[in-house]
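Atoms within each ligand, like the ligands themselves, are counted from 1 in listed order.
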Amino acid sequence: MAEAMISGIVEAELIPAEQIIATNKSNEERLQQLRNKYGIRAMKREELDFSSVDFFILAMKPKDIDEALSSIKDKVTKEQVILSVLAGIPTSYMEENLNEDQQVIRVMPNTSSMLRESATALSPGKHTSMDKVILAKKLLACIGEVYVIEEDKMDIFTGIAGSGPAYFYYLMEHIEKTAKEAGLDEETARQIGSQTILGAAKMMMEQDDTPADLRKKVTSPNGTTAAGLAALEKHGGGEAISEAIKGAAQRSEEISANLNKKIVTQ
Ligand SMILES: NC(=O)C1=CN([C@@H]2O[C@H](COP(=O)(O)OP(=O)(O)OC[C@H]3O[C@@H](n4cnc5c(N)ncnc54)[C@H](OP(=O)(O)O)[C@@H]3O)[C@@H](O)[C@H]2O)C=CC1
Ligand SMILES: O=C(O)[C@@H]1CCC=N1
């Protein structure tokens, strides 16, 4: 996820690449790759000069949050802002495990950041100034659209947008499989499927019609779409989509609930 964000931010040219610093836990080869590919600075954690940083973006797995917060707690000042993209980690948990009045922002991007097409949510913590929220929004706008949301909507946002790209990739896997079975080659099937998803997404973004209106316009009485939609309904298509979103949102809630019990396993 961090690389997808780096790629989008570098591409946007809002800040010079050499002002972006990346670090990780131990994989030096990976740091070298990032340096070569994006022209950013990448260094071992021990070499970081904390005083030169405005925004820290945490992007480790949720299970690593405690170690990460304790390792930076006394090195960051109140003026600096800690953004976290970790699923299920509330701002209150970060605030409790950092020094008093620390400015934190919970962020949920997705991997389309790589092409600057993320749908990203942010929720500021209780000590975060409006100035810093505006700056964070500007930074995150480099990777796509940004939505400032109430933190109690972060789990459902994660279910829709953080995890969402995977549902579309899964859909495409099935489109490709079915197309192949009917004799189309995989590459052509991928292009046709992707263009169809892209076109439908643009219609929903650029037309005033609701998705239901758009669906009805495709559906001729007793036509091919009606047959396709009937099969989709018969096989629980709509319910499957709702359950996928709810399942991901519940997992995000579960990560939060398990934090204080110290049983985060992801
Ligand atoms: N993947 C996605 O689509 C999305 C992911 N997220 C969130 O992003 C986070 C990362 O996910 P993902 O990129 O898939 O995970 P990865 O395992 O690919 O990356 C985690 C990175 O964190 C580094 N790391 C671990 N502990 C520390 C530490 N204390 N200090 C510095 N770096 C550390 C690891 O370094 P090393 O390799 O050296 O061990 C590794 O580079 C998760 O919390 C996830 O919830 C959010 C939105 C979307
Ligand atoms: O699967 C995950 O937990 C992360 C968070 C959102 C997308 N990927």
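The shortest non-hydrogen separation linking Val53 to Phe55 is CG1-O, 3.3 Å. Heavy atoms only, all atoms of each residue included: Asn110 and Ala161 are closest at ND2-O, 2.9 Å.
More than 12 non-hydrogen atoms from other residues, nucleotides or ligands lie less than 6.0 angstrom from NZ of Lys73.
Remark: the Asn36 side chain and the Gln32 side chain contain an N/O donor-acceptor pair separated by less than 3.5 Å.
Ion pairing between a basic and an acidic side chain is recognised when a charged N comes within 4.0 Å of a carboxylate O; Glu176 and Arg190 show such pairing.
Note: an N/O pair closer than 3.5 Å links Lys25 and ligand 1 by distance alone. Considering backbone and side-chain atoms alike, Glu67 places an N or O below 3.5 Å from some N or O of ligand 1. The distance criterion of under 3.5 Å between nitrogen or oxygen atoms is met by Asn27 with respect to ligand 1. Below 3.5 Å of separation, one finds an N or O of Ala87 facing an N or O of ligand 1.
Only the backbone of Ala59 comes within contact range of ligand 1, with a heavy atom under 4.0 Å; no side-chain atom does. When heavy-atom distances to ligand 1 are checked against a 4.0 Å cut-off, Asp64 comes that close only through its side chain, counted from C-beta outward. Neither the backbone nor the side chain of Ser71 has a heavy atom within less than 4.0 Å of ligand 1.
Atom numbering of ligand 2 starts at 1 in the shown order; those under 4.0 Å from a heavy atom of Gly162 are 6 (C), 7 (C). Taking every heavy atom of Ser26 and a limit of under 4.0 angstrom, the matching atoms of ligand 1 come to 38 (O). Which parts of ligand 1 touch Pro109 is read off a 4.0 Å heavy-atom cut-off, strictly below it: atoms 47 (C), 48 (C). Within the listing of ligand 1, atoms 2 (C), 3 (O) sit less than 4.0 angstrom from a heavy atom of Thr111.
Ser220 pairs by the side-chain contact (heavy atoms from CB on, under 4.5 Å) definition with nothing, not counting sequence neighbours. Lys138 pairs by the salt bridge (Lys or Arg N to Asp or Glu O under 4.0 Å) definition with nothing, not counting sequence neighbours.
Within the 4.5 Å cutoff, no side-chain heavy atoms of Val107 are placed close to those of Leu86.
Looking at Lys61, Arg30, Met1, Met60, it is Lys61 that brings a heavy atom closest to atom 14 (O) of ligand 1.
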